[in-house]
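Below: one structure, written as structure tokens.
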Protein chains: 2
Amino acid sequence: MPPQRQTKQLQAIRNAFKESRGPLSIDELHTLARDSIDSLGLRTVYRIVRRLQEEGEIASVQVPGKSDRYELASVASSHHHHFHCTACDRYFDIQGCPGGLEKLVPNGFTLEDHDLTLSGLCASCA
Amino acid sequence: MPPQRQTKQLQAIRNAFKESRGPLSIDELHTLARDSIDSLGLRTVYRIVRRLQEEGEIASVQVPGKSDRYELASVASSHHHHFHCTACDRYFDIQGCPGGLEKLVPNGFTLEDHDLTLSGLCASCA
DNA sequence: TCTTTATTGACAATATATTGCCAGTAGTAT
DNA sequence: ATACTACTGGCAATATATTGTCAATAAAGA
């Protein structure tokens with residue numbers, strides 16, 4: 001792996017992650033990072049996201065029905081869930097976790113993980 | 001809308017839904033219904049699924065990361081969640097629902113719905 | 001049984017998301 | 001400042017999922 005250069009494209013995408021309150025899609029990253037670099041190509045977003053993922057700086061997030069999103073590994077490592085605003089279509093991190101999931105599991109099944117997505121309106125849209 | 005003919009393809013797909021313990025993907029429906037009709041084309045599965053959906057007999061289900069699945073509307077109408085077996089990749093309905101989700105919602109947000117997917121091993125794979 | 005026509009299934013065509021390619025650009029070290 | 005080469009971005013190419021087309025088939029009713 002060659003040395004990582006500090007390009008402004010990379011910085012813009014790193015910054016988008018840092019400022020975000022939730023996981024971002026490729027298109028959202030593209031839009032956000034374009035605020036500082038309007039020539040930014042989608043191809044570059046894909047490339048940087050993949051590289052950051054391989055280096056363990058970000059992690060992918062699956063949400064129902066949509067394509068993958070990404071969030072900082074530091075955020076991903078602490079268990080949390082997401083809130084989907086049905087109006088602006090953004091995702092937000094939420095802390096905490098409902099308890100008592102074991103009792104929902106059918107007999108003979110083994111629970112290893114879970115994934116919760118709340119939905120409704122975010123503060124800006126409500 | 002022309003009259004609905006009772007073809008064996010339609011019956012096979014209806015039957016797959018009836019026998020299933022969880023939401024099915026297009027490919028799963030194709031595979032299952034092929035047990036009775038080995039000439040069944042994927043095109044036909046898409047067509048029948050869409051029609052059943054338009055007629056309100058089935059509903060689509062979104063699960064994280066995967067493409068849409070479908071389940072009987074009668075099942076969909078009663079609130080429930082899903083268990084994803086990471087070994088065989090099938091989905092199972094689970095009854096019940098964790099409480100206290102309101103307290104997870106950030107200030108100013110409005111909670112309208114939620115979606116929970118448990119994961120682990122099903123009874124056959126455990 | 002015969003006729004009508006909805007349905008089927010193979011294949012091509014399309015939509016969408018992601019990646020390969022490559023000439024030009026721009027970090028980085030000397 | 002210069003050289004080296006990783007990086008960028010436009011476009012083509014690919015992968016995958018879904019749909020259009022149409023001749024052949026098979027329900028349903030006369």
Side-chain angles (χ1 to χ4, degrees), chain A residues 1-17 23-71 84 89-91, chain B residues 1-17 23-71 84 89-91:
Chain A
M1 192 144 39
Q4 175 82 284
R5 291 187 178 174
Q6 296 303 313
T7 65
K8 47 185 185 304
Q9 289 84 353
L10 174 59
Q11 291 168 350
I13 288 182
R14 274 216 180 98
N15 195 54
F17 278 119
L24 299 170
S25 67
I26 295 290
D27 283 330
E28 286 171 344
L29 282 166
H30 189 207
T31 301
L32 288 169
R34 268 218 244 213
D35 287 345
S36 39
I37 315 169
D38 57 346
S39 69
L40 179 65
L42 191 56
R43 184 70 187 87
T44 299
V45 180
Y46 274 109
R47 219 164 3 214
I48 291 178
V49 164
R50 155 157 323 194
R51 178 152 191 170
L52 292 180
Q53 193 178 202
E54 286 172 349
E55 291 171 350
E57 185 170 329
I58 63 175
S60 69
V61 174
Q62 271 92 40
V63 295
K66 312 287 181 98
S67 53
D68 283 7
R69 283 164 182 267
Y70 303 87
E71 63 187 3
H84 175 221
D89 204 35
R90 286 182 298 177
Y91 284 78
Chain B
M1 192 145 40
Q4 175 83 283
R5 291 185 177 178
Q6 296 302 313
T7 65
K8 47 185 186 305
Q9 288 85 352
L10 173 60
Q11 290 168 350
I13 288 181
R14 274 217 181 97
N15 195 54
F17 278 120
L24 298 170
S25 67
I26 295 290
D27 282 331
E28 286 171 343
L29 282 165
H30 189 207
T31 301
L32 288 169
R34 268 218 246 215
D35 287 345
S36 38
I37 315 169
D38 56 347
S39 69
L40 179 65
L42 191 56
R43 185 69 186 88
T44 299
V45 179
Y46 274 108
R47 219 163 2 212
I48 291 178
V49 163
R50 157 163 314 201
R51 178 151 190 170
L52 292 179
Q53 193 177 202
E54 286 172 349
E55 292 172 349
E57 184 170 328
I58 63 175
S60 69
V61 175
Q62 270 93 40
V63 295
K66 312 288 181 99
S67 52
D68 283 8
R69 284 165 182 266
Y70 303 87
E71 64 187 2
H84 174 222
D89 204 36
R90 286 182 297 177
Y91 284 79

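Proteins get letters first, then strands, A, B, ... in listed order; numbering begins at 1 in each.
- Considering only residues two or more places apart in sequence or on other chains, B/Q9 meets the side-chain hydrogen bond (donor to acceptor under 3.5 Å, both in side chains) condition with none of them.
- Partners of B/D35 according to the salt bridge (charged side-chain N to carboxylate O under 4.0 Å, His left out) rule, which considers only residues two or more places apart in sequence or in another chain, do not exist here.
- Rounding to the nearest 0.5 angstrom, the gap separating the OG1 atom in A/T31 from the CD1 atom in A/I26 is 11.5 Å.
- Minimum interatomic distance between A/Y91 and A/P64 (heavy atoms only, all atoms of both residues): OH-O, 4.4 Å.
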Test side chain to side chain contact (heavy atoms under 4.5 Å, CB included) applied to A/H30 and A/E28, step by step: CA-CA 5 Å; A/H30 189 207; A/E28 286 171 344; over 6 Å; no
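- The two residues B/A16 and B/L24 have their closest heavy-atom pair at O-CD1, 3.7 Å.
- Among residues two or more places apart in sequence or in another chain, the side chain to side chain contact (heavy atoms under 4.5 Å, CB included) test is passed with A/E71 by A/P23, A/V61, A/V75, A/A76, A/H80, A/H82, A/D93.
- Annotation: proximity of residues 44-63 of chain A to DNA chain D (heavy atom, distance under 4.0 Å) is found for A/T44, A/R47, A/I48, A/R51, numbered in ascending order.
- Remark: B/R90 engages no residue in a side-chain hydrogen bond (donor to acceptor under 3.5 Å, both in side chains) (not counting sequence neighbours).
- Comparing the end axes of the helix from C/dT1-D/dA30 to C/dT30-D/dA1, each fitted to five base pairs by superposing C1' atoms of four pairs onto the next four, gives an inter-axis angle of 40° (nearest 10 degrees).
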Base-contact (B) and sugar-phosphate-only (S) positions in nucleotides 25-30 of chain D, heavy-atom cut-off under 4.0 Å, - elsewhere: -BBS--
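- For B/K66, the side-chain hydrogen bond (donor to acceptor under 3.5 Å, both in side chains) test picks out B/D89, with sequence neighbours left out.
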Let me have the donor-acceptor pairs involving side chains of residues 42-55 of chain A, under 3.5 Å, with sequence neighbours excluded, atom names and distances please.
{"residue": "A/R51", "atom": "NE", "partner": "A/E55", "partner atom": "OE2", "Å": "3.0"}
{"residue": "A/R51", "atom": "NH2", "partner": "A/P2", "partner atom": "O", "Å": "3.1"}

Residue pair A/V63, A/R69: steps toward the side chain to side chain contact (heavy atoms under 4.5 Å, CB included) verdict: CA-CA 8 Å; A/V63 295; A/R69 283 164 182 267; 4.2 Å; yes
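- Here chain A contacts DNA chain C (any atom closer than 4.0 Å to a heavy atom, that is under 4.0 Å), and the contacts span C/dA17 to C/dT28 from 5' to 3'.
- A/F17 and A/Y70 get closest at one heavy-atom pair: CE2-O, 3.2 Å.
- Of all heavy-atom pairs between B/R5 and B/L10, the closest is O-CD2, 3.6 Å.
- Remark: A/R14 engages A/E57 in a salt bridge (charged side-chain N to carboxylate O under 4.0 Å, His left out) (not counting sequence neighbours).
- Within residues 35-43 of chain A, the residues approached by DNA chain D to less than 4.0 Å at the level of any non-hydrogen atom are A/S39, A/L40, A/G41, A/R43, in residue-number order.
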